[in-house]
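Written out below as structure tokens is the structure these notes cover.
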Amino acid sequence: YIEEMYNSYIDGLNVEYFITKDIGIGIFGGLAPDRYDSSFNSKFTSIGVYGEIDKEKYDLKMGYENMRYKGETDREYASVQLDSSPIEKLQMNAIAVASRNQLTDMINLENLNLNALYAHSKDLRFTLFHSYYRAVKLYASAKDYFKIDYYDDYFYDFNSLARTGFKVDYNIARGLKIFGSVEYQKRG
């Protein structure tokens, strides 16, 4: 598992170098799990680079990965993760993943998660969140696995789901919590 990336696993080499005690860079490569059944085989490979800045009030991780199937690009994406505590009692995190669309050469946002949690006291917490999700597109392997052409509708499916909301939770007593939330959800 490549911790600095959003969702990368390889059977291979991962080399890290720390420039300072809180700034590191890395490169990885090797065999990747089968994207359809997670089995081990040599058809899927992966190579990528990443960096991390781990300071007292924030931890920033970013990286790029090129996943290949039988030598052709299957997915090419970048990810950014931020965990931060800018002030006491406030925790924020963000994750964003974007891929290069192999057909249009455009960058498509696939996942975005934003969360802010404010702990007013030990018992009272407020959370504000937003999430966006769109299906990940695999290109080279989809031709073999689904027996389809690049111009099939599969590749132009841009269904998405976005949620935005607010939540409050309160510990009444040990083991007894009440909470309330409101959210707006939109499918595209």
Q) Same hydrophobic cluster for Met5 and Val80, using side-chain heavy-atom links shorter than 4.5 Å among ILVMFWY? A) no
Q) Looking at Arg75 and Glu65, does any basic side-chain N land under 4.0 Å from a carboxylate oxygen? A) no
Q | Between CG on residue Asn115 and CG on residue Asn93, distance to nearest 0.5 Å | A | 4.5 Å
Q) So, Tyr77 versus Ser8: side-chain donor-acceptor pair below 3.5 Å or not? A) yes
Q.
So, taking the atom named OH in Tyr118 and the one named CD1 in Ile87, what distance separates them when rounded to the nearest 0.5 Å?
A. 6.5 Å
Q: Find the distance between CG (Leu117) and NZ (Lys167) and round it off to the nearest 0.5 Å.
A: 9.0 Å
Q.
Going by ring pair (Phe, Tyr, Trp, His ring centres under 6.0 Å), name the residues that satisfy it together with Tyr1, two or more places apart in sequence or in a different chain.
A. Tyr9
Q.
What's the separation between atom NZ in Lys57 and atom CG in Asp83, rounded to the nearest 0.5 Å?
A. 15.0 Å
Q.
Between Asp74 and Arg35, does any side-chain N to carboxylate O distance fall below 4.0 Å?
A. no
Q.
Could you check whether any side-chain heavy atom of Pro86 comes within less than 4.5 Å of a side-chain heavy atom of Met92, counting everything from C-beta outward?
A. yes
Q) At their closest point, which heavy atom of Leu128 faces which heavy atom of Gly165, and how far apart are they? A) CD1-O, 3.3 Å
Q) Which heavy atom in Ser99 sits nearest to a heavy atom in Glu110, and how many Å separate them? A) OG-OE2, 2.6 Å
**Q.** Minimum-distance pair of heavy atoms, taken over all atoms of Tyr132 and Leu109
**A.** CE2-O, 3.6 Å
Q: Side-chain contact test, heavy atoms from C-beta onward, threshold under 4.5 Å: evaluate it for Arg134 versus Asn108 and give yes or no.
A: yes
Q.
Less than 4.5 Å apart, side chain to side chain, heavy atoms only: is that true for Ile23 and Phe18?
A. no
Q) Between Asp22 and Thr20, does a side chain to side chain donor-acceptor pair (under 3.5 Å) hold up when you go through it step by step? A) CA-CA 5 Å; Asp22 49 11; Thr20 65; 2.8 Å; yes
Q) Does Glu56 CD have over 12 foreign heavy atoms under 6.0 Å away? A) no
Q: For Asn171 and Lys122, work out which heavy atoms get closest and say how close.
A: ND2-O, 3.9 Å
Q) Taking C-beta and beyond as the side chain, do Ser46 and Phe28 meet within less than 4.5 Å on heavy atoms? A) yes
Q) From Ile27 CD1 over to Tyr50 OH, what is the distance, rounded to the nearest 0.5 angstrom? A) 9.5 Å
Q: For the residue pair Val168 and Leu124, establish whether any side-chain heavy-atom pair is separated by less than 4.5 Å.
A: yes
Q) Hey, are Arg100 and Glu76 close enough for a salt bridge, meaning a charged N less than 4.0 Å from a carboxylate O? A) yes
Q: Test side-chain contact (heavy atoms from CB on, under 4.5 Å) on Asn101 and Ile107 and set out the steps.
A: CA-CA 6 Å; Asn101 184 311; Ile107 303 299; over 6 Å; no
Q. Are Gln91 and Ser85 close enough, and set up right, to give a side chain to side chain donor-acceptor pair (under 3.5 Å), and what steps lead you there?
A. CA-CA 5 Å; Gln91 294 178 348; Ser85 294; 4.9 Å; no
Q. With hydrophobic residues grouped by side-chain heavy-atom distances under 4.5 Å, do Val49 and Val15 end up in a single group?
A. yes
**Q.** Distance (rounded to the nearest 0.5 Å) between Ser39 OG and Phe44 CZ
**A.** 8.0 Å
Q. Going through the distances and angles, do Lys43 and Asp34 end up as a side-chain contact (heavy atoms from CB on, under 4.5 Å)?
A. CA-CA 8 Å; Lys43 294 177 186 175; Asp34 187 299; 5.9 Å; no
Q. Which heavy atom in Ala94 sits nearest to a heavy atom in Leu114, and how many Å separate them?
A. CB-CD2, 3.5 Å
Q | Test log, rule side-chain contact (heavy atoms from CB on, under 4.5 Å), inputs Ser131 and Leu112 | A | CA-CA 5 Å; Ser131 64; Leu112 175 67; over 6 Å; no
Q: Kindly check if the number of other-residue, nucleotide or ligand heavy atoms within 6.0 Å of CZ (Phe179) is above 12?
A: no
Q. Looking just at side-chain N and O atoms, do Thr73 and Arg68 make a donor-acceptor pair shorter than 3.5 Å?
A. yes
(Q) Testing Ile10, Leu138, Thr45 one by one against Met67 for a side chain to side chain contact (heavy atoms under 4.5 Å, CB included), which residue passes? (A) Leu138
Q.
For a 4.5 angstrom cut-off between non-hydrogen side-chain atoms, does Ser141 reach Tyr36?
A. yes
Q: Indicate, with yes or no, if Tyr184 and Phe126 share a hydrophobic cluster defined by side-chain heavy-atom contacts under 4.5 Å among Ile, Leu, Val, Met, Phe, Trp and Tyr.
A: no
Q) Has Lys177 got its NZ or CZ under 6.0 Å from the middle of the six-membered ring of Tyr170, at an angle within 45 degrees of the ring axis? A) no
(Q) Using a strict threshold of under 4.0 Å (side-chain N to carboxylate O), is an ion pair present between Glu183 and Arg163? (A) yes
Q: Would you check if Phe129 and Ser181 make a side-chain contact, meaning some heavy-atom pair closer than 4.5 Å?
A: no
Q.
Is any side-chain heavy atom of Glu4 closer than 4.5 Å to one of Gln81?
A. no
Q | Over all atoms of both residues, closest heavy-atom pair of Ile19 and Ile25 | A | CD1-CG2, 4.2 Å
